Amino acid sequence: MANMWEQTEELAKRHEQAGGAWLKLVNDGDTAVVVFLGEPHPREVVFHEGKYVLYDEKLRAQGHKPSLRVALNVALFDTREVKVLEMGVAVFKDVRQLRAKYGLEKWAFEVKRRGAAKDPKTTYSLLPERQLTPEESAAFQALRLHNLAKLYAAEAEEGAAPAAESPAPAPVDVAAAQALAAQLKSLPREAVDRFLQHFGVQRIRDVPATRGEEARAFVQSLVARYAPPEDAADVDPFAG
């Protein structure tokens with residue numbers, strides 16, 4: 001049983017990593033086994049409004065002090081998918097020591113997160129996990145890397161120019177809204193709630209005009225389901 005829990009947890013982590021460029025170690029204690037690739041990409045940044053932003057004169061004038069963040073390409077050992085790991089100065093110093101002692105191209109290393117989600121003081125511990133064979137080393141070194149400068153430039157551009165929100169659709173006209181309301185008033189509250197939930201609105205008059213015919217048909221289905229038969233009042237349920 002415990003083994004299946006461990007296997008499922010590992011599978012869940014792999015799915016979390018699927019897609020996107022960044023190595024996602026979100027919570028304290030999350031780990032990944034990686035091979036470091038390529039050259040480092042340093043940036044002076046400020047942790048501002050829950051994220052790191054590039055240090056500039058405006059932030060300097062506001063009294064912010066920069067910190068150094070370094071990005072490196074890493075390949076997940078199991079899948080060989082290339083991701084980007086961003087780290088602070090202390091972790092980068094550890095990477096330099098591993099590079100000098102072991103050779104980054106010769107080993108796979110375990111990276112473990114030390115810090116809660118979005119904690120600016122988050123750091124990572126690094127331990128050698130497994131020495132690579134010459135064939136494995138060659139295969140990892142041949143992987144295509146992310147262009148880190150372009151990746152950050154694209155991210156900054158996306159953050160600076162968010163997509164414009166789509167305008168709200170025009171609602172049904174007053175007469176159509178009144179007709180819908182008149183039919184719904186004769187039904188139980190449950191039917192009205194089903195109508196509002198189906199169309200994602202809080203008021204009947206907010207139903208989009210493009211869904212007017214659908215609204216009329218939906219109300220008819222509710223009437224058929226909830227309205228009592230026309231002769232129901234003439235039947236005595238206690239008659240012998």
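Worth saying up front: this structure is predicted, and the values here are computed from it rather than measured.
- Below 30°, between 30° and 60°, or above 60°: for Tyr152 and His41 the angle between ring planes is below 30°, a parallel geometry.
- Nearest approach of Ala32 to Leu23, heavy atoms of both residues: CB-CD1, 4.2 Å.
- Leu143 belongs to a hydrophobic cluster whose remaining members, ordered by chain and number, are Val33, Val35, Leu37, Phe77, Val82, Leu132, Phe140, Leu145; membership requires side-chain heavy atoms of ILVMFWY residues under 4.5 Å apart, directly or through intermediates.
- Hydrophobic clustering, with ILVMFWY side chains joined whenever heavy atoms are under 4.5 angstrom apart, keeps Leu127 apart from Val111.
- A distance-only check finds a donor-acceptor pair linking the side chain of Asp173 to the backbone of Ala176 [under 3.5 Å].
- Although no hydrogens or angles enter the test, the distance criterion places no donor-acceptor pair under 3.5 Å between the side chain of Ser137 and the main chain of Lys106.
- Closest non-hydrogen pair, Tyr226 versus Arg194, comes out as OH-CD, 3.0 Å.
- Pairs of residues two or more places apart, or lying in two chains, that qualify as salt bridge (Lys or Arg N to Asp or Glu O under 4.0 Å) and include a residue from residues 55-70 are Glu57-Arg60, Arg69-Glu86.
- Cluster membership for Met87 and Tyr55, using ILVMFWY side-chain heavy atoms within less than 4.5 angstrom, is not shared.
- Counting only residues at least two apart or in different chains, salt bridge (Lys or Arg N to Asp or Glu O under 4.0 Å) contacts with residues 120-130 comprise Arg130-Glu136.
- Within a 6.0 Å sphere centred on CZ of Arg99, heavy atoms belonging to other residues, nucleotides or ligands number 12 at most.
- Across all non-hydrogen atoms, the minimal contact from Leu68 to Pro42 is CD1-CB, 4.0 Å.
- Ion pair Lys83/Glu81 flagged as a salt bridge, since at least one NZ, NE, NH1 or NH2 atom sits closer than 4.0 Å to an Asp/Glu carboxylate oxygen.
- Residue Asn27 comes nearest to Ala117 through the heavy atom pair OD1-CB, 4.3 Å, listed as atom of the first residue, atom of the second, then distance.
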Practice problem: Any chance you could lay out the side-chain contact (heavy atoms from CB on, under 4.5 Å) test for Gln202 and Leu196, step after step, and finish with the verdict? | Solution: CA-CA 6 Å; Gln202 294 182 328; Leu196 297 176; over 6 Å; no
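- Closest of all the heavy-atom pairs between Pro40 and Val70 is CB-CG1, 3.7 Å.
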Self-check item: side-chain contact (heavy atoms from CB on, under 4.5 Å) evaluation trace for Asp193 with Arg189
Solution: CA-CA 6 Å; Asp193 290 340; Arg189 178 67 195 192; 2.8 Å; yes
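- For His64, the side-chain contact (heavy atoms from CB on, under 4.5 Å) criterion is met by Val46, His48, Leu59, Gln62, not counting sequence neighbours.
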Practice problem: Determine, step by step, whether Leu104 and Phe109 satisfy the side-chain contact (heavy atoms from CB on, under 4.5 Å) criterion, reporting the C-alpha distance in whole Å, the side-chain angles of both residues, the deciding distance to 0.1 Å, and the verdict. | Solution: CA-CA 9 Å; Leu104 297 183; Phe109 298 91; 3.9 Å; yes
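- For Gln97, the side-chain contact (heavy atoms from CB on, under 4.5 Å) test picks out Asp94, with sequence neighbours left out.
- Leu85 contributes atom CG, which lies 9.5 Å from atom CH2 of Trp22 (distance to the nearest 0.5 angstrom).
- For the residue pair Asp28 and Arg114, the shortest heavy atom distance occurs at OD1-CA, 3.4 Å.
- In this view, Thr122 and Arg113 satisfy the side-chain hydrogen bond (donor to acceptor under 3.5 Å, both in side chains) rule, not counting sequence neighbours.
- In this structure the side chain of Phe218 never reaches within 4.5 angstrom of the side chain of Arg211, judged on heavy atoms.
- Taking hydrophobic clusters as Ile, Leu, Val, Met, Phe, Trp and Tyr residues chained together by side-chain heavy-atom distances below 4.5 Å, Val45 does not share a cluster with Val53.
- Proximity of His198 to Glu214: side-chain heavy atoms (C-beta onward) are separated by under 4.5 Å at one or more points.
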